Amino acid sequence: MTTSQVSGSEPASAAFGRLHPDVRRWIWQRGWRELHPAQEAAVEPVLAGEDVLISAATASGKTEAAFLPICSGLAATPADGPGIQAVYIGPLKALINDQQGRLDSLCELLGIPVHPWHGDVAAAAKQRVLKRPGGILLITPESLEALFVVRATKIFGLFGALRHVVVDELHSFIGTERGAQLQSLLHRLELAVRRRVPRIGLSATLGDLADAAEFLRPGGGARVRLIAPPGDAQELRLQLRGHVHSARSDADAEITAHLFAHLRGTDNLVFANSRSRVEQFTDRLTRRAERTRVPNEFVPHHGNLSKDLREHVEARLRDRSLPVTAICTSTLEMGIDIGSVTSVAQIGAPSSVAALRQRLGRSGRRGDPAVLRIYVREEEVTASTAPQDQVRAELVQTIAVVDLLLERWYEPPSAGGLHLSTLTQQILSLIAQHGGVTPAEAYRTLCGDGPFHHVGQGTFGALLRALGSAGLLRQEPDGLLLHDETGERIVNHYGFFAAFASPEEYRLVAEGRTLGSLAPAAPVLPGGLLIFAGRRWRIQRVDGAAKVIDLTPSSGGAPPAFGGGAADVHDRIRARMRLLYERTDVPAYLDTGARRLLAEARDNFRRLGLDAGPVVGWGDDTYVFPFRGDAVMAALGLALALRGVRYEKESLALRLPQTSPERAVELLDELAAAPPPDPRKLAAPVLDKELDKYDEYLGEDLLTTAYAARRIDVPAAWEALPGLVAAARRRTPTRVPRVAGGTASTDSRTP
DNA sequence: GACCTGCTGCGGATTG
């Protein structure tokens with residue numbers, strides 16, 4: 001850290017001295033005694049126009065780390081003509097609004113205009129920027145896409161003088177379709193101004209800095225300056241509570257009672273993993289407050305609630321005078337400023353290590369300890385409980401995630417994405433921008449020198465032909481590619497600008513007020529009951545044409561089914577789970593219930609013979625436990641299917657119905673002896689392979705290729721197979737007779 | 001038994 005000078009003086013350091021006098025004055029006016037380490041380290045490389053990646057904890061002043069030197073440079077050598085000087089790209093409109101507030105005072109002092117630009121910004125304000133471009137533009141990827149499509153002729157005038165690009169919350173883009181779109185936009189921006197523009201990436205949760213640097217500057221990651229000062233060691237107070245759900249004990253009621261007793265009176269966040277669970281726990285906590293005649297402090301926050309309701313919750317969280325606890329999904333994970341909370345609770349296993357890290361970052365700033373309570377619910381084990389449910393996977397996965405968090409490991413971005421859906425979007429956008437492109441130009445722009453360089457010429461040609469067959473593209477006699485009828489329709493609708501798909505949703509209206517939206521996974525019928533926005537409703541009317549559901553207050557209800565699939569668990573987490581079953585140590589942060597569940601999990605693991613081998617006979621069926629990630633399990637399962645073997649994936653295990661353990665071992669042996677199959681052969685029979693927005697236009701061949709690249713890991717599966725077979729052969733697999741409706745063999749009820 | 005994000009249209013030249 002910078003040495004602090006004699007009290008009352010300015011912060012002084014070589015880096016500080018390089019900043020423009022007016023920037024130094026602004027820092028002095030703020031009363032800052034010193035620059036944070038990341039801010040200090042960023043000054044030189046940003047001023048020198050290098051690509052920079054800044055990885056630092058939440059609230060460590062990352063935005064200032066980028067903008068103190070950027071603004072310093074802009075103040076030192078003002079633009080000699082019109083044009084945006086710096087672009088900030090943020091993933092959320094709310095984040096852009098926040099950052100505008102943070103930049104305003106500095107930029108006002110320096111005479112640098114700051115322009116937010118997203119879907120909620122008034123058209124008149126956008127017109128002003130188009131007329132007199134200058135200063136700093138704060139924009140979403142989607143609005144930048146729209147500029148390329150709708151304002152193609154203005155791109156050079158807007159960005160010709162551009163000196164810096166800043167990407168905030170970089171981790172939220174890595175490995176996603178939206179991230180591929182962002183990379184393409186940054187590349188097209190540089191092509192439009194015909195020179196390289198320095199890029200600065202900001203994030204608090206990066207697993208591998210080198211990967212993130214390569215994402216920021218494809219092909220040039222090694223030359224990106226990495227700034228990752230060690231964070232202040234923060235004390236973590238952690239408790240993992242285990243609850244058993246049975247006919248005699250209601251685990252959710254126990255969790256509700258504990259939350260109610262410990263969170264009332266302070267500000268907290270409770271992450272419940274699904275919107276449906278958010279509604280359910282909000283309802284339980286609200287009713288408890290009513291029963292005990294105290295003011296209700298528990299409010300819901302998730303992506304289907306109206307902007308109004310969500311902003312109201314965020315405002316209550318910022319207001320320190322009244323305690324409030326938000327029950328939420330990942331909506332409150334990211335950097336919107338709500339201040340820090342007293343504690344964070346997590347109901348159910350965290351979906352990933354990275355998500356848990358983000359959530360923890362919300363608690364205990366400014367030297368206070370971070371407080372995290374995790375609640376895990378497991379079903380009572382009876383004689384008829386299937387093997388994969390006996391080993392307490394939820395609890396053990398939670399311990400594995402906490403273990404890896406303490407080791408500072410995060411999931412790397414998902415590899416192998418071809419992003420053909422987003423490549424389709426970018427081809428259509430490129431045609432709109434230039435009024436047509438030749439296949440060679442499109443390939444060179446997007447693939448050859450661009451971010452889709454993993455797509456070869458053969459695949460690109462096949463994609464163009466598929467898009468031609470689907471009516472998105474047509475080719476003129478001179479070779480120029482243009483939009484065909486369907487392509488024209490897609491590009492001319494504003495929904496085109498986002499790289500991700502959205503379901504068609506109904507609007508939920510009560511007493512004239514919009515509560516939010518719902519894409520029902522199950523039919524919604526008049527007269528039905530519903531819990532939404534933390535209250536109970538009766539469905540009065542469903543207007544299928546206007547897509548509106550009218551609600552009136554009611555005394556009963558259940559949360560709606562919001563739909564969605566299962567989450568993929570990373571290889572490393574599954575491997576750690578296996579280790580945890582074999583070890584005997586008990587983490588200190590487990591409560592009595594969790595300790596009992598862990599002991600039971602380890603007992604059952606051994607009793608099922610999983611310590612010796614991965615194969616367990618269960619009645620007439622056999623279960624295979626690879627303890628590997630879901631992409632490896634998909635490869636194994638689909639390879640068996642290709643040999644005519646039926647299988648079902650049941651969380652941790654593959655179930656082979658009507659198969660003996662001996663036969664299962666033979667099958668694994670046969671797989672191991674054969675060469676690794678072509679992943680596309682495995683993917684071909686999968687019925688629903690459309691994962692992304694424009695996948696429906698890819699045609700069967702490319703769709704299969706894209707699906708295989710994303711969901712099936714053949715090399716890792718074939719690397720794992722010899723070990724699985726050797727372990728299975730070492731000992732005769734356990735065969736457990738199946739008992740229907742038996743009584744509990746292990747009573748693990750939590751008092 | 002998953003979560004989240006986003007989004008058009010609307011002028012140009014001249015004068016004080």
Side-chain angles (χ1 to χ4, degrees), chain A residues 89-96 117-132 139-154 168-169 171-179 181-182 185 271-278 280 301-305 307 310 328-336 346-352 354-356 358-359 376-379 388-389 393-394 397 422 425 429 432 490-503 505 517 519 521 559 561-569 630 649-652 691-693:
Chain A
I89 302 175
L92 304 174
K93 291 185 286 193
L95 200 54
I96 284 171
W117 183 303
H118 55 64
D120 295 344
V121 171
K126 292 177 178 172
Q127 283 302 328
R128 284 196 292 276
V129 178
L130 291 172
K131 279 207 176 102
R132 297 174 48 108
I139 194 167
T140 59
E142 288 73 19
S143 284
L144 189 53
E145 185 79 62
L147 284 177
F148 274 101
V149 173
V150 182
R151 313 281 181 180
T153 57
K154 307 253 185 180
D168 203 359
E169 305 283 5
H171 64 276
S172 72
F173 292 109
I174 299 178
T176 67
E177 294 304 314
R178 208 178 180 202
Q181 177 189 27
L182 172 67
L185 291 170
F271 292 93
N273 277 6
S274 78
R275 291 163 289 185
S276 173
R277 298 279 280 167
V278 164
Q280 195 183 320
H301 192 285
H302 60 71
N304 282 71
L305 295 174
K307 197 178 165 191
R310 286 162 64 170
C328 59
T329 58
S330 53
T331 39
L332 288 178
E333 237 172 51
M334 251 200 290
I336 306 163
Q346 163 74 42
I347 304 175
S351 48
S352 69
L356 184 61
Q358 285 282 136
R359 292 169 186 191
V376 170
R377 163 191 159 139
E378 292 279 3
E379 303 298 314
Q388 82 277 9
D389 294 328
E394 177 111 11
Q397 185 181 321
T422 301
Q425 182 208 34
S429 176
I490 291 172
V491 176
N492 286 337
H493 188 268
Y494 65 79
F496 173 66
F497 306 125
F500 52 87
S502 328
E505 293 180 326
S517 64
F562 286 91
D568 270 9
V569 176
D630 287 313
K649 185 179 170 303
E650 295 184 359
S651 71
L652 276 181
L691 301 173
D692 295 311
K693 191 175 184 183

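Values in this document were obtained by computation on a predicted structure and should not be read as measured data.
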- From B:dA2, B:dT8, B:dC4, nucleotide with atom closest to A:Thr329 side chain: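 Of the options given, the side chain of A:Thr329 lies nearest B:dC4.
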- Query: Out of B:dC10, B:dC3, B:dG6, which nucleotide sits closest to the side chain of A:Arg275?
  - Reply: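 Ranking B:dC10, B:dC3, B:dG6 by closest atom to the A:Arg275 side chain puts B:dC3 first.
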Less than 4.0 angstrom between a side-chain N/O of [X] and OP1 or OP2 of [N], yes or no?
{"X": "A:Ser143", "N": "B:dC7", "value": "yes"}
{"X": "A:Ser352", "N": "B:dA2", "value": "no"}
{"X": "A:Lys126", "N": "B:dT8", "value": "yes"}

Across the strands shown, which category fits [X] at heavy-atom distances under 4.0 angstrom: base, sugar-phosphate, nothing?
{"X": "A:Arg310", "answer": "sugar-phosphate"}
{"X": "A:Ser172", "answer": "nothing"}
{"X": "A:Arg151", "answer": "sugar-phosphate"}
{"X": "A:Gly303", "answer": "sugar-phosphate"}
{"X": "A:Ser651", "answer": "base"}
{"X": "A:His302", "answer": "sugar-phosphate"}

- Item | Whole-Å gap separating P (B:dC7) and CD (A:Gln425) |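 Checked: the CD to P distance equals 13 Å.
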- Message: Can you measure A:Phe173 atom CZ to B:dC3 atom C1' for me and round it to whole angstrom units?
- Response: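 Going from CZ in A:Phe173 over to C1' in B:dC3 covers 16 Å.
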- Query: Are the side chain of A:Glu142 and the backbone of A:Leu144 linked by a donor-acceptor contact shorter than 3.5 Å?
  - Reply: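 Here the side-chain-to-backbone pair does not exist.
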- Message: Going by centres under 5.5 angstrom and planes under 30 degrees, do the aromatic ring of A:Phe500 and the base ring of B:dT5 stack?
- Response: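 Yes; by the centre-distance and plane-angle rule, A:Phe500 counts as stacking on B:dT5.
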